[in-house]
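This report concerns only the one structure given below.
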Amino acid sequence: MEALPLLSVRDLRSYLRTPRGMVRAVDGVSFDLHAGETLGVVGETGCGKSVLARSIMGLLPDSVLVKESGEIRFGEYDLRQAGERELRRIRGREIAMIFQDPMTSLNPVMRIGAQIEQVLRLHLGFGARQAQERAVELLDSVGIASARRRAANYPHEMSGGMRQRVMIAIALACDPKLLIADEPTTALDVTVQAQILNLLQEQQEKRRMALILITHNLGVVAGMADKVAVMYAGRFVEHGVTSDLLAEPRMPYTAALLRAAPRLADPPHTKLEAIGGRPPILIDPPAGCRFAARCPRSQRDCERDPPETFHAQSGRRYTCWHPIGLSDG
């Protein structure tokens, strides 16, 4: 008998207010995540990945949130029905998040150590001395040399890679069951990116923590994720075991993403294939498949009718009327 999922999301819809109208940023997303499992969420900029993360965390402000529906269950908690006080207790302690840019997430006028201590005192009730010592231990655990001295630094006194390590230390301070990492290596050079990703993987294995890794980098997903969800125009268009999905994509958008990504096996000067056209504007999305206008396999039914979700072996799901490998020939 399979264990119950740690996180279960069902038909989540988050519609946002903009000057141009209501945007259907997340529009019917469903998935399960088990303890210790990594889900990679990939897709182009603007497809709804970050809004999905903030929806799970309950961090979308009322000033922009027009409508939210669906179910988000985290263990025994129904996060969509939880009050703000209960959500604040769960956030940081049981679910933590690493944001894209640590410079905007860290308090610029507060020392690094004090920012970690604040989390420990708020969520775990640590005393001042205990929090100070634990903050130093956490900085050391994420690979920051001379951790005690660095705890007295301000964010601007650290490199981008070190600031991201601090964000990881803050996120891990309360030993959460679920960590959401939203583009955690943005703007870092390739060597530092690899260090940060290795650190996340090490910490996850050590703590048996579930991880949602949001990225546009398929290479990162291939190396870290147990499952991958491909997001396009607010929806998951393909979802399954990483090795299976990347080896044999069914959805043409997934295949297009793979062709647009560089690979080590490619000969020098290989030209990458850009995905033609633009994603639809989600104020007034098309009636049929949202990828139809950019898809080389598109037919009349694709433009007319929204595709059903089809289920294949090993839990694969995809939404496509003319999937690759099944309707060829």
Side-chain angles (χ1 to χ4, degrees), residues 49-65 79 83-189 192-193 195-197 199-200 203 207 209 211-215:
K49 302 187 301 293
S50 293
V51 176
L52 172 62
R54 284 160 175 75
S55 294
I56 294 169
M57 293 289 290
L59 290 176
L60 292 174
D62 292 337
S63 59
V64 300
L65 188 60
L79 297 185
E84 183 57 34
R85 183 174 181 179
E86 187 175 25
L87 276 176
R88 281 200 301 266
R89 186 189 66 77
I90 295 168
R91 283 196 299 254
R93 182 164 186 172
E94 299 198 49
I95 307 175
M97 185 166 173
I98 302 169
F99 296 91
Q100 290 186 31
D101 183 2
M103 201 57 189
T104 59
S105 302
L106 293 169
N107 188 330
V109 296
M110 193 174 182
R111 297 182 191 275
I112 292 298
Q115 297 190 50
I116 302 175
E117 292 164 28
Q118 187 177 59
V119 174
L120 293 166
R121 298 182 74 170
L122 175 66
H123 288 291
L124 300 182
F126 279 24
R129 182 66 179 174
Q130 186 183 15
Q132 286 177 3
E133 291 303 313
R134 181 58 181 152
V136 172
E137 290 173 6
L138 283 163
L139 289 174
D140 183 66
S141 74
V142 297
I144 292 181
S146 306
R148 191 171 298 277
R149 177 172 61 84
R150 285 295 189 179
N153 286 166
Y154 290 96
H156 72 270
E157 297 177 300
M158 292 181 150
S159 67
M162 290 181 72
R163 287 194 294 267
Q164 196 60 287
R165 288 175 185 269
V166 171
M167 287 300 301
I168 294 171
I170 292 173
L172 298 178
C174 299
D175 203 16
K177 296 175 183 176
L178 169 62
L179 177 64
I180 303 174
D182 186 5
E183 299 278 9
T185 58
T186 297
L188 300 178
D189 67 51
V192 178
Q193 283 184 29
Q195 293 171 355
I196 295 299
L197 293 170
L199 173 62
L200 281 174
Q203 293 293 331
R207 300 164 186 266
M209 176 178 64
L211 175 65
I212 298 177
L213 179 63
I214 295 172
T215 181

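These numbers were taken from a predicted model, which means no experiment stands behind them.
The two residues G92 and C174 come nearest to each other via the heavy atoms O-CB, 3.4 Å. Across every non-hydrogen atom of I196 and G161, the tightest pair is CD1-O, 3.8 Å. M57 and I95 get closest at one heavy-atom pair: SD-CG2, 3.3 Å. Annotation for A147 and D140: closest pair CB-N, 3.7 Å, computed over non-hydrogen atoms. For the residue pair M209 and P176, the shortest heavy atom distance occurs at CG-O, 3.6 Å. Closest approach of L79 and L87 over heavy atoms only: O-CD2, 3.9 Å.
If you take CD1 on I112 and CZ on R165, they are separated by 13.5 Å, rounding to the nearest 0.5 Å. Taken to the nearest 0.5 Å, the CG atom of N153 stands 11.5 Å off from the CZ atom of R163. Note that the OG atom of S141 and the CD1 atom of I168 stand 9.5 Å from one another [nearest 0.5 Å]. Rounding to the nearest 0.5 angstrom, the gap separating the CD1 atom in I212 from the CD1 atom in I180 is 4.5 Å. Within the model, atoms CG of D175 and CD of Q203 stand 9.5 Å from one another, a figure rounded to the nearest 0.5 Å. Going from atom CG of L213 over to atom CG of L200 covers 7.5 Å, rounded to the nearest 0.5 Å.
Taking 4.5 Å as the limit, every side-chain heavy atom of P108 sits out of range of all side-chain heavy atoms of H156. Side-chain contact between M97 and I56 is absent, with no heavy-atom pair separated by less than 4.5 Å. Between M167 and L106 the shortest side-chain heavy-atom distance falls below 4.5 Å. Between I144 and M162 there is a side-chain heavy-atom pair separated by less than 4.5 Å. Side-chain contact between I214 and Q100 is absent, with no heavy-atom pair separated by less than 4.5 Å. Considering only heavy atoms from C-beta on, T185 stays 4.5 Å or farther from V192 through its side chain.
Ionic pairing of R150 and E157 is not present here: no N-O contact between side-chain nitrogen and carboxylate oxygen is shorter than 4.0 angstrom.
Within a 6.0 Å sphere centred on CG of D189, other residues, nucleotides and ligands contribute more than 12 heavy atoms.
With hydrogens and angles ignored, the 3.5 Å screen pairs no side-chain donor or acceptor of Q115 with any backbone N or O of I170.
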Exercise. Begin from the C-alpha positions of V142 and L138 and carry the test side chain to side chain contact (heavy atoms under 4.5 Å, CB included) through to its verdict.
Key: CA-CA 6 Å; V142 297; L138 283 163; over 6 Å; no
Contacts table for residues 118-133: side-chain donor-acceptor under 3.5 angstrom, sequence neighbours left out:
| from | atom 1 | to | atom 2 | distance (Å) |
| --- | --- | --- | --- | --- |
| H123 | NE2 | R91 | O | 3.3 |
| E133 | OE1 | R148 | NH2 | 3.1 |
| E133 | OE2 | R148 | NH1 | 3.3 |

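For R85, there are no salt bridge (Lys or Arg N to Asp or Glu O under 4.0 Å) partners at least two apart in sequence or on another chain. Remark: P61 pairs with S63, V64 by the side chain to side chain contact (heavy atoms under 4.5 Å, CB included) rule, at least two apart or across chains.
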